[in-house]
Each structure stands twice: as structure tokens, then as C-alpha cells.
Amino acid sequence: MLTAKLIRWLLTLTALSALVGSAAAFFLWSLDAVTLLRFSNNWLVFLLPIYGIAIGFYYRHHGNSVNSANHLILTSSKNPHTHRIPRRLAPSILISTLGSHLFGASAGREGTAVQMGAGIASSLQNFIPPSRNGKQLLLLCGIAAGFAAVFATPIAGAIFALEFIRRRIISPKIIPCLLTAYAAHHICLAWGSHHTLYPIIQLPASFSSWLSISWKVLLLSLLIALVARLFISLSHLASEKFKKYLPHEATRAFVGALLIIALFLLIGRSDYLGLGVLAESQNSLTLPRFFHSDTHAPATAWLWKMIFTIITLAAGFKGGEVTPLLFIGAALGNSLAWFLGAPINLFAAIGMIALFASATNTPIASIALGIELLGWKITAPLAIATFIAWKLSGAKSIYPDIKEL
């Protein structure tokens with residue numbers, strides 16, 4: 001017979017899954033809507049400085065407690081009884097991320113989903129039975145649900161939650177995280193949400209073919225490790241300098257927006273604005289198109305996207321780094337594949353996943369993400385290349401170190 005304690009947990013996790021899955025579905029629909037609106041009204045990009053001032057004043061006077069959301073989540077996971085996530089985190093990050101994409105800031109979406117999941121989980125903490133680790137477990141389930149719902153990858157979502165707060169993967173906590181992630185994922189799908197589709201990866205058929213590209217895969221891994229270190233270092237440096245010389249959030253966002261517009265005018269194309277998933281035109285460079293053999297990414301595409309993203313996040317615009325990292329990695333993989341005569345889709349896949357793993361220090365979740373998105377046949381080369389890149393990239397991450405909190 002189910003105990004009252006277990007029933008309370010089941011009901012709470014069910015509510016958490018329903019709320020996070022529904023919130024993710026609304027977020028995905030809204031994100032597509034604002035992106036398409038920007039495509040049809042290019043002048044919206046020039047309003048980014050005004051939006052930056054508005055969002056800067058909001059976070060300074062009303063949202064300061066949730067401004068550094070990842071730092072807040074990690075602190076709460078470490079000390080759940082003394083650091084509670086405010087209820088305003090979920091609506092604040094949702095609205096501010098949609099604004100970022102409406103006006104063309106180069107940001108992601110998965111960070112927003114994770115933070116919404118954590119915020120919703122925190123609001124349900126009073127419904128679970130009192131226990132020493134109960135609040136931390138509920139927070140983990142919220143993170144897993146948010147990641148799983150927005151990516152359509154429940155296994156990766158559950159693993160990411162544990163790796164994100166630097167917990168061991170082999171843990172009893174993985175079970176409720178998996179259950180919540182699967183439930184949130186299916187609830188998101190039930191709302192009719194559309195996720196990014198990736199082509200099936202075609203692998204070399206013979207052993208000799210593998211031998212001929214093995215050194216090319218190793219070279220890609222080395223380059224990904226270097227790019228991950230560069231992204232992490234520049235992200236921390238830019239954030240530090242922006243805060244030092246532009247201490248007011250509104251000024252910081254205004255200057256960052258001007259830099260983004262200047263780069264946009266310099267390049268003359270909008271491929272590096274926004275999420276980088278939907279295509280504005282037939283010639284647009286997008287994350288899914290880097291997998292196609294008829295798409296030849298410019299050698300500097302990954303670098304431009306990195307610069308746009310670093311400025312966006314350092315200036316204080318919300319959305320996260322995950323999808324931009326996938327874009328950067330896939331663009332680099334595509335460009336190198338053309339240069340070396342390697343399989344385009346395989347190198348785009350490895351670049352995408354290996355860079356995410358190296359920059360976030362979440363290798364197991366990244367490999368699971370790749371398998372769920374691209375199929376199990378890619379497991380061996382993806383895992384090998386990802387672990388090499390992750391090891392060579394060092395211990396630093398774009399996320400705060402929980403040991404230092």
C-alpha cells in the first residue's frame with residue numbers, strides 16, 4: 001500500500017511535470033512566434049538598445065534577486081534550506097528571453113527552460129514531505145523536466161540535472177529525475193509543440209573508411225577543445241569587464257545592444273542574431289542546415305556566432321548559451337568537414353555535441369543528448385570525440401563552480 005509520504009511525492013512530481021511541460025510548450029510556441037515576427041519586421045533589431053534599457057532597469061529594481069539565475073539555482077541546490085528560489089524567476093526569465101529573441105539578441109532557450117523548471121519546482125516545495133534532501137531532489141526534477149521538455153530529450157535532461165550541480169550520475173536521484181523528465185516531455189508534446197529536427201547521420205560503412213577519417217575526427221576534437229576554452233575564457237572576461245566599466249544594468253545592456261547592431265551592419269546578414277534555428281531565407285545559415293551536404297558554412301561562421309553570443313550574455317540579455325554553443329560547434333564541424341573532405345553531417349554532429357560537453361562540463365548528458373537527437377548509430381564516434389574534447393578543454397565551465405559558492 002502506498003504511504004502518505006509517497007503519495008505526496010507522486011502528486012507533487014505529477015504537478016511539476018504538468019506545469020513545466022506546459023510552460024515549455026508555451027515557451028517554444030512563443031519563441032517561434034517572436035522570431036518569425038522579427039523576420040517579417042527587420043527594423044525590430046534597431047529597438048534592441050531600448051529593450052536593453054528596459055530590461056536593465058527591471059532587473060536592477062525588481063528582478064535583482066533572480067538576475068544571476070544559474071548562480072541562484074546552484075546555491076539553492078547546495079543549501080536548499082537557506083537559499084530559496086523566488087517565484088518571480090520563472091515569469092521573469094520567460095518574458096526577458098522572449099524579448100531578447102524578438103529584438104535579435106544572440107541567445108539560447110534551454111537555459112530559460114532549466115531556470116523555469118527550477119523556479120516552478122521551488123514554488124512546490126511546501127507540498128513535499130519534510131526531509132533533509134527533499135527540496136534538493138525536487139529542484140533536480142525541475143531542472144530535468146525543463147531541459148527534457150524543451151529539447152525533447154528526457155534521458156539527457158535527467159542526466160544534465162545531476163551533472164549541472166556536479167552530482168554523481170549513478171544515484172537514486174536519477175529515477176525521479178527520469179520519471180519527471182519523461183512526463184514533462186510528453187506533456188509538452190501533447191500541447192502540439194514542435195522541436196528542432198535533425199537529419200539521420202550516415203556513418204562510414206567499412207572499417208577502412210573509419211581509419212581514413214579517424215585522424216580527422218581527432219583533429220576536430222582538438223579544435224573543439226580549443227574553441228571551448230576560448231568561449232569560456234572570453235565569456236568570463238567579457239562579463240567581468242562589462243560589469244566593471246558599466247555597473248548599471250541598463251547601461252550595460254544598451255552598450256551591448258549597440259555593439260550587436262554594429263556587428264550586424266558590418267556583416268550585412270542576420271544569421272548570427274537570435275536563436276539560429278529557424279531560417280529567415282533560403283540562404284540563411286541555421287543550426288539544422290549545417291548537417292546538409294549542400295550547406296558550406298563560412299570558415300568564420302562559428303567565430304561570428306561566438307562573438308554575438310558573448311556580447312549578448314555579457315550585456316545581460318537572457319536566454320542562455322546552449323543553442324548558440326550547438327550552432328558554433330556544428331558550424332565549425334561543417335566547415336572543417338568541407339576542408340578535410342569528411343562526412344558533413346557526422347562532423348556537424350560531433351562538433352555540436354562535443355562543444356556543448358566541453359563548455360558546460362557535462363559530458364554524459366551531452367552524449368545522451370546526441371544519441372536522443374541523432375540516433376544510437378552515432379554513439380561510438382560521438383562518445384570518443386566528445387570525451388577527448390571534454391578532457392582536453394580543462395575543468396572550467398561556463399557555469400559557476402558549485403564548490404566556490
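Scope of the values below: all heavy atoms of this structure, side chains included, with no hydrogens, waters or symmetry mates. Each residue takes its place number in the sequence, starting with 1.
- A donor-acceptor pair under 3.5 Å is absent between the side-chain atoms of Asn345 and the main chain of Ser293, judged by distance alone.
- Interatomic distance, Leu138 CG to Ile128 CD1, rounded to the nearest 0.5 Å: 5.0 Å.
- Counting heavy atoms from C-beta outward, Phe290 and Leu285 have side chains that approach closer than 4.5 Å.
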Worksheet entry | Check against side chain to side chain contact (heavy atoms under 4.5 Å, CB included), Leu13 and Cys141 | CA-CA 8 Å; Leu13 291 182; Cys141 290; 3.9 Å; yes

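- Ser335 places no side-chain N or O within donor-acceptor distance of the main-chain N or O of Ala331, the cut-off being under 3.5 Å.
- Separating the CD1 atom in Ile55 from the CD1 atom in Ile53 is a distance of 12.5 Å, to the nearest 0.5 Å.
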Practice prompt. Starting from the C-alpha separation in whole Å, work towards a yes-or-no answer on side chain to side chain contact (heavy atoms under 4.5 Å, CB included) for Met352 and Tyr198.
Written response: CA-CA 12 Å; Met352 178 179 82; Tyr198 298 89; 3.9 Å; yes

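- With contacts defined as side-chain heavy-atom distances shorter than 4.5 Å, the pair Leu226/Leu222 does not qualify.
- Rounding to the nearest 0.5 Å places CD1 of Ile224 at 5.0 Å from CG of Leu220.
- Other residues, nucleotides and ligands contribute over 12 non-hydrogen atoms within 6.0 Å of the NZ atom of Lys216.
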Discussion item. For Ser214 and Val217: C-alpha separation, side-chain torsions, deciding distance, then whether side chain to side chain contact (heavy atoms under 4.5 Å, CB included) applies.
Written reply: CA-CA 5 Å; Ser214 59; Val217 173; 5.7 Å; no

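- Judged purely by atom type and a 3.5 angstrom limit, Ser40 uses its side chain to pair as donor or acceptor with the backbone of Leu37.
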For residues 381-395, which side-chain donor-acceptor pairs fall under 3.5 Å, sequence neighbours excluded?
| unit_1 | atom_1 | unit_2 | atom_2 | d |
| --- | --- | --- | --- | --- |
| Thr386 | OG1 | Leu382 | O | 2.7 |
| Trp390 | NE1 | Asn361 | OD1 | 2.6 |
| Ser393 | OG | Ala389 | O | 3.3 |
| Ser393 | OG | Trp390 | O | 2.8 |

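- Remark: the Ser92 side chain and the Arg87 side chain contain no N/O donor-acceptor pair separated by less than 3.5 Å.
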Donor-acceptor contacts, no H, no angles, side chain residues 184-194, under 3.5 Å, sequence neighbours left out:
| unit_1 | atom_1 | unit_2 | atom_2 | d |
| --- | --- | --- | --- | --- |
| Trp191 | NE1 | Ser22 | OG | 2.9 |
| Ser193 | OG | Cys188 | O | 3.0 |

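- Between the CZ atom of Arg60 and the CD atom of Glu249 there is a distance of 5.0 Å, given to the nearest 0.5 Å.
- A donor-acceptor pair under 3.5 Å is formed between the side chain of His236 and the backbone N or O of Ser397.
- For the pair Leu287 and Ala330, the tightest heavy-atom approach, listed with the atom from each and the gap, is CD1-CB, 3.6 Å.
- What you find for Ala337 and Ile344 is that their closest heavy atoms are CB-CD1, 3.7 Å.
- Taking all atoms of both residues into account, the shortest heavy-atom contact from Ala90 to Ile120 is CB-CG1, 4.4 Å.
- In this structure Phe231 satisfies the ring-ring contact (aromatic ring centres under 6.0 Å, His included) test with no other residue, sequence neighbours excluded.
- By the 4.5 Å heavy-atom criterion applied to side chains, Phe164 and Ile73 are counted as neighbours.
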Report, one line per pair, each donor and acceptor closer than 3.5 Å where one atom sits in a side chain of residues 307-317; sequence neighbours left out.
| unit_1 | atom_1 | unit_2 | atom_2 | d |
| --- | --- | --- | --- | --- |
| Thr309 | OG1 | Ser106 | OG | 3.0 |
| Thr309 | OG1 | Lys305 | O | 2.8 |
| Thr312 | OG1 | Ser106 | N | 3.0 |
| Thr312 | OG1 | Phe308 | O | 2.8 |

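- Distance check, rounded to the nearest 0.5 Å: CG of Leu124 to CG of Leu139 gives 11.5 Å.
- Not counting sequence neighbours, the partners of Arg269 by the salt bridge (charged side-chain N to carboxylate O under 4.0 Å, His left out) test are Asp271.
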Discussion item. Side chain to side chain donor-acceptor pair (under 3.5 Å) for Thr196 and Arg109? Distances and angles first, verdict last.
Written reply: CA-CA 12 Å; Thr196 304; Arg109 58 186 175 187; 2.7 Å; yes

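- No donor-acceptor distance shorter than 3.5 angstrom exists from the side chain of Thr362 to the backbone of Ala365, with no hydrogens or angles considered.
- At least one side-chain heavy atom of Glu110 sits less than 4.5 Å from a side-chain heavy atom of Thr323.
- Checking side-chain atoms of His248 against main-chain N and O of Ala250 turns up a donor-acceptor pair under 3.5 Å.
- Residues Tyr51 and Ser96 form a side-chain contact, since some pair of their non-hydrogen atoms from C-beta on lies under 4.5 Å apart.
- Here the closest heavy-atom approach between residue Pro49 and residue Ile261 is recorded as CD-CD1, 3.5 Å.
- Formation of a donor-acceptor pair under 3.5 Å by the Glu372 side chain with backbone atoms of Ile155 is found in this model.
- Counting only heavy atoms from C-beta outward, the side chains of Leu178 and Pro154 never approach each other to under 4.5 Å.
- Under the 4.5 Å side-chain criterion, counting only non-hydrogen atoms from C-beta, His195 is not in contact with Phe151.
- Between the side chain of Ser122 and the backbone N or O of Ile85, at least one donor-acceptor pair lies under 3.5 Å.
- Atom CD1 of Ile353 sits about 4.5 Å away from atom CG of Leu369, to the nearest 0.5 Å.
- Counting only residues at least two apart or on different chains, the ring pair (Phe, Tyr, Trp, His ring centres under 6.0 Å) pairs with a member in residues 330-357 are His296-Trp338.
- Classified by interplanar angle (parallel below 30°, tilted 30° to 60°, perpendicular above 60°), the ring pair Phe147/Phe160 is parallel.
- Within the 3.5 Å criterion, the main-chain N or O of Ser235 finds no donor-acceptor partner in the side chain of Ser239.
- Across all their heavy atoms, Ile328 and Trp302 have their closest contact at O-CB, 3.5 Å.
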Worksheet entry | Residues Thr286, Leu278; criterion side chain to side chain contact (heavy atoms under 4.5 Å, CB included); working and verdict | CA-CA 7 Å; Thr286 65; Leu278 297 179; over 6 Å; no

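- The two residues Leu355 and Gly329 make their nearest non-hydrogen contact at CD2-N, 3.4 Å.
- Contact check for Phe103 versus Ile50: no side-chain heavy atoms found under the 4.5 Å cut-off.
- Between the side chain of His101 and the backbone N or O of Gly108 there is at least one donor-acceptor pair closer than 3.5 Å.
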